[in-house]
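Just below is one structure, and these are the notes that go with it.
These values consider heavy atoms only, across backbone and side chains, with no hydrogens, waters or symmetry-generated copies.
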Amino acid sequence: MSDIRRIRFVYKSIMVLLCGLWRVTVETALVIEPDLQLRNGIIHIIDKVLIPPTASILDRLQEGNFSIFIGLLNQTSPNLLKLLGDSTKTFTVFAPSDEALNSTMPPGMLQRLVLDPEMLYKVAARHILPAFVVSSTLELHLTYSYKAVSEELITITKENSDALTVARLAEVLSGDVLATNGVLHEISRMIQF
């Protein structure tokens, strides 16, 4: 993975990522024909229409069914919910819905996390990457490693054109939800080690 280079340009809420293997994206759109020379400039043809996001990651979490996850983030020290409120930084958040947490967590585990602040921070911080990761930047059948806020490496595998797996167990149920300060992916369970 050391040969993958990421360069990020931000201009009027359009984020461009240049990844290894020459995959170029603008937000979640893949550039399918780059560098077309015209008399008055250069254009790049992309595979979808861009609609700039208007809501932050916090807004997206509050719009969805993520109240348990939001509550856990709010109880961490340092406070991860406040971190996600920083509009000057870019994040990728893998958030389990309330339904996913209730159906996959062992009985009493959420209460144990709340009673152990160090463990709560470590587990919750695994769900936040200080980077912009969307499915269109990932190649099929490859596994990528990203450093989470917890300083642990989190793996992301693109299983097929529609399926991502995080940390080998959590499936992305709804991905690439753009926000003004990054992207949100709904996952099927907590990321645990």
Sequence-distant partners of Glu159, side-chain hydrogen bond (donor to acceptor under 3.5 Å, both in side chains), two or more places apart: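 Listed in chain order: Thr165.
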Identify the heavy atoms of [X] and [Y] that sit nearest to each other, and give their distance.
X      : Y      : answer
Leu61  : Ala95  : CD2-CB, 3.7 Å
Ser188 : Ala100 : O-CB, 3.3 Å
Ala125 : Ala148 : O-CB, 3.6 Å

Taking the side chain from [X] and the backbone from [Y], do they hold a donor-acceptor pair closer than 3.5 Å?
X      : Y      : answer
Thr92  : Val133 : yes
Arg126 : Glu152 : no
Asp47  : Leu30  : yes
Lys158 : Leu138 : yes

Got [X] and [Y] here, is their nearest side-chain heavy-atom distance under 4.5 Å?
X      : Y      : answer
Phe132 : Val183 : yes
Thr90  : Pro130 : no
Ile154 : Ile191 : yes
Met190 : Val123 : yes
Leu164 : Thr157 : no
His127 : Pro96  : yes
Val166 : Val172 : yes

Leu140 CG: over 12 foreign heavy atoms closer than 6.0 Å: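 Check passes, neighbour count above 12.
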Point-to-point distance, once rounded to the nearest 0.5 Å, from [atom1] of [X] to [atom2] of [Y]:
X      : Y      : atom1 : atom2 : value
Leu184 : Glu63  : CG    : CD    : 9.5 Å
Ile57  : Phe91  : CD1   : CZ    : 7.0 Å
Tyr144 : Ile156 : OH    : CD1   : 10.0 Å
Ile187 : Leu169 : CD1   : CG    : 10.5 Å

Verify the cluster assignment for [X] and [Y]: are they in a single hydrophobic cluster under the rule of side-chain heavy atoms below 4.5 Å apart?
X      : Y      : result
Leu153 : Tyr121 : no
Val114 : Leu110 : yes
Leu58  : Ile128 : yes

For residues 66-86, dump all side-chain donor-acceptor pairs below 3.5 Å to protein atoms at least two apart in sequence or in another chain.
{"from": "Ser67", "atom 1": "OG", "to": "Asp98", "atom 2": "OD2", "distance (Å)": "2.6"}
{"from": "Asn74", "atom 1": "OD1", "to": "Asn79", "atom 2": "ND2", "distance (Å)": "3.2"}
{"from": "Gln75", "atom 1": "NE2", "to": "Gly71", "atom 2": "O", "distance (Å)": "3.4"}
{"from": "Thr76", "atom 1": "OG1", "to": "Leu73", "atom 2": "O", "distance (Å)": "2.7"}
{"from": "Thr76", "atom 1": "OG1", "to": "Pro78", "atom 2": "O", "distance (Å)": "3.1"}
{"from": "Thr76", "atom 1": "OG1", "to": "Leu80", "atom 2": "N", "distance (Å)": "2.9"}
{"from": "Asn79", "atom 1": "OD1", "to": "Leu81", "atom 2": "N", "distance (Å)": "2.8"}
{"from": "Asn79", "atom 1": "OD1", "to": "Lys82", "atom 2": "N", "distance (Å)": "2.8"}
{"from": "Asn79", "atom 1": "ND2", "to": "Asn74", "atom 2": "O", "distance (Å)": "2.9"}
{"from": "Asp86", "atom 1": "OD1", "to": "Thr88", "atom 2": "N", "distance (Å)": "2.9"}
{"from": "Asp86", "atom 1": "OD1", "to": "Thr88", "atom 2": "OG1", "distance (Å)": "2.5"}
{"from": "Asp86", "atom 1": "OD2", "to": "Thr88", "atom 2": "OG1", "distance (Å)": "3.4"}

Taking only residues at least two apart or on different chains, which pairs with a member in residues 164-183 satisfy ring pair (Phe, Tyr, Trp, His ring centres under 6.0 Å)?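 Sorted pair list comes back empty.
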Pairs involving residues 164-188, ordered by first then second residue, that meet ring pair (Phe, Tyr, Trp, His ring centres under 6.0 Å) (sequence neighbours left out):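 The answer is Phe94-His185.
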Between Ser135 and Asp176, a side-chain donor and acceptor under 3.5 Å: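 On atom types as modelled, these side chains qualify, holding a pair under 3.5 Å.
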With no hydrogens and no angle check, do the side chains of Glu99 and Ser97 hold a donor and an acceptor under 3.5 Å apart?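 Per modelled atom types, Glu99 and Ser97 side chains form no pair under 3.5 Å.
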Determine all donor-acceptor pairs shorter than 3.5 Å in which one atom belongs to a side chain in residues 36-44; sequence neighbours excluded.
{"from": "His44", "atom 1": "ND1", "to": "Asp35", "atom 2": "N", "distance (Å)": "2.9"}

Please, which pairs that meet side chain to side chain donor-acceptor pair (under 3.5 Å) have at least one residue in residues 101-117, sequence neighbours excluded?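 Non-adjacent pairs meeting side chain to side chain donor-acceptor pair (under 3.5 Å): zero.
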Stepwise, does the salt bridge (charged side-chain N to carboxylate O under 4.0 Å, His left out) test hold for Lys122 with Glu118? CA-CA 6 Å; Lys122 191 174 183 178; Glu118 188 177 319; over 6 Å; no
